[in-house]
Amino acid sequence: MADSIFEGLPDLIPGIAYCVIIASVSFITWRLYKPVSCLMWAFIFSIIFANVMRLPERVVVGARFCSSRLLKATIAVLGLVTNALIWFQVGIGVFNALVVITVSFFLSVWIGRRFVLSDRLALLIGVGTSICGASEIAAVAPAIDAREEEIGLALSGITLFGLISMVLYPFLFSNTVVGRLLMENLNVYAIWVGSGVHDTAQVIGAAGMLGDGVIQPAVMIKSIRIFMIGPAVLLATYMYNREGAKASGRRGLVLPVFAVVFIVNSVLSAVLNANVHSLLALGVNWPSIKSLLSGSVIPFLLATAFAGVGSKVQFRTIGRLGVKPFAVAALMAVLAGGLALCLAVLVAPYVPAYA
């Protein structure tokens, strides 16, 4: 496989260069406005270009490589910055995160079918709501053969309602009965935000609006959901393939190798984190490497991959799918946020007061 990639590399260069240019602009834009992810900006910019001009075939070939092989490889690398030991660091908040993940995932599929959405689109909205917003949609899409327009609708809905949640959560806590229900405890608020808001950047935004000290516990809870990227890809793949087998009798279970590598890498990350001092003695600064990966390398690679995905999306195709996907995304944002709030109220008496 490696030989075939290198043999075809000259044909891929124009498309890869095109995606890298879009990713560079997206990365700068993301740095200026963090609540919208780098990959979402790349998706937006690439869709605009693909719809205002016809991309040459030599560009399309490389863009297709970015949207498939590069995307899968990047998700596998993402495991290196996802610590498997996060389970033991978030206390009672792990219960909230797991309940929200499980209920939101399956409820989205059920609601999606009632709205007559494709199983692929329902799964994308479900994982985007329950796990990690745009990053999880990026991870699941290649595993279930999602179409570009389905990815676009899922990303748009999840990003839109995630941004609304980012502003709404702190407002509700500070100005309504929600604050009293959460015992005016910012640690409980952090559990609610970490369990209910879609994207990591939006979690940071919603937490930071009430104080920098709220960010860390919120991100810790969110990290449980991030770790579930790999398992959720495996589950989504199983569900999608099972339905395909029922419908056609031909399709069997396809194991997404990149999801397995993600899980293995998350365990490796835990080992590396536990041996930081030993690695420093050997001249390996793992915390700096991890920071570089999570803060720059992985976001840039995801942006490059989604520049390729967006290059195949046409507005007219998205338009044919109508407003139902946005209705499902909105409903799921409300239900997931409401469930996360109810669970936060339940655990509030057992959470230490914010200092």
Side-chain angles (χ1 to χ4, degrees), residues 1-2 23 27 30-31 34 37-39 69-95 97-98 101 127 130-140 142-143 190-191 194-195 199-201 203-204 207 212-213 215-235 237 255-306:
M1 181 178 291
F27 190 83
W30 172 62
R31 288 294 189 183
K34 283 280 190 177
S37 66
C38 188
L39 72 85
R69 292 186 178 182
L70 177 62
L71 177 57
K72 292 178 181 179
T74 304
I75 296 301
V77 174
L78 181 61
L80 287 174
V81 297
T82 308
N83 186 356
L85 293 182
I86 191 66
W87 295 91
F88 304 103
Q89 300 173 12
V90 298
I92 198 170
V94 68
F95 167 77
L98 289 177
I101 288 170
V127 297
S130 61
I131 309 293
C132 192
S135 297
E136 182 62 17
I137 291 172
V140 169
I191 290 176
S195 301
D199 197 82
T200 303
V203 167
I204 293 172
D212 291 343
I215 294 176
Q216 182 177 1
V219 172
M220 291 283 282
I221 302 301
K222 176 63 176 174
S223 296
I224 284 289
R225 296 165 66 192
I226 295 173
F227 173 78
M228 293 301 291
I229 287 177
V233 172
L234 296 177
L235 177 59
T237 304
L255 186 66
V257 175
F258 69 94
V260 177
V261 176
F262 173 95
I263 296 172
V264 172
N265 280 343
S266 69
V267 175
L268 175 60
S269 176
V271 173
L272 293 172
N273 289 347
N275 293 276
V276 168
H277 297 300
S278 300
L279 290 171
L280 284 174
L282 297 173
V284 178
N285 190 337
W286 169 240
S288 296
I289 295 173
K290 185 176 180 180
S291 177
L292 178 64
L293 285 172
S294 61
S296 298
V297 175
I298 292 175
F300 188 83
L301 289 175
L302 282 174
T304 302
F306 263 73

Minimum side-chain heavy-atom gap Ser296-Arg31 below 4.5 Å: yes
From CA spacing to verdict: side chain to side chain contact (heavy atoms under 4.5 Å, CB included), Ile226, Glu136: CA-CA 8 Å; Ile226 295 173; Glu136 182 62 17; over 6 Å; no
Spatial distance of atom CD1 (Ile224) from atom OG (Ser195) [nearest 0.5 Å]: 10.0 Å
Pairing residues for Val81 by the side chain to side chain contact (heavy atoms under 4.5 Å, CB included) criterion, not counting sequence neighbours: Leu78, Lys290, Leu293, Ser294, Ile298
Atom pairs and distances, donor-acceptor, side-chain atoms in residues 270-277, under 3.5 Å, two or more places apart:
from: Asn273; atom 1: OD1; to: Trp286; atom 2: NE1; distance (Å): 2.7
from: Asn273; atom 1: ND2; to: Ser269; atom 2: O; distance (Å): 3.4
from: Asn275; atom 1: ND2; to: Val271; atom 2: O; distance (Å): 2.7

Between CZ on residue Phe306 and CD1 on residue Ile137, distance to nearest 0.5 Å: 7.5 Å
Side-chain heavy-atom pair Leu71, Leu301 within 4.5 angstrom cut-off: no
Straight-line distance of Ile221 CD1 to Ile191 CD1, nearest 0.5 Å: 5.0 Å
Minimum side-chain heavy-atom gap Ile229-Phe262 below 4.5 Å: yes
Worked verdict on Val140 versus Thr237 for side chain to side chain contact (heavy atoms under 4.5 Å, CB included): CA-CA 8 Å; Val140 169; Thr237 304; over 6 Å; no
Donor-acceptor contact present, side-chain Ser291 to main-chain Ser288, <3.5 Å: no
Sequence-distant partners of Phe27, ring-ring contact (aromatic ring centres under 6.0 Å, His included), two or more places apart: Trp30
Residue pair Val203 / Ile215, side-chain heavy-atom distance below 4.5 Å: no
Check: Arg225 side chain, Gly194 main-chain N or O, donor-acceptor pair, under 3.5 Å: yes
Under 3.5 Å: donor-acceptor pair, side chain of Lys222, backbone of Ile131: yes
CG-CE distance between Leu234 and Met228, expressed to the nearest 0.5 angstrom: 9.5 Å
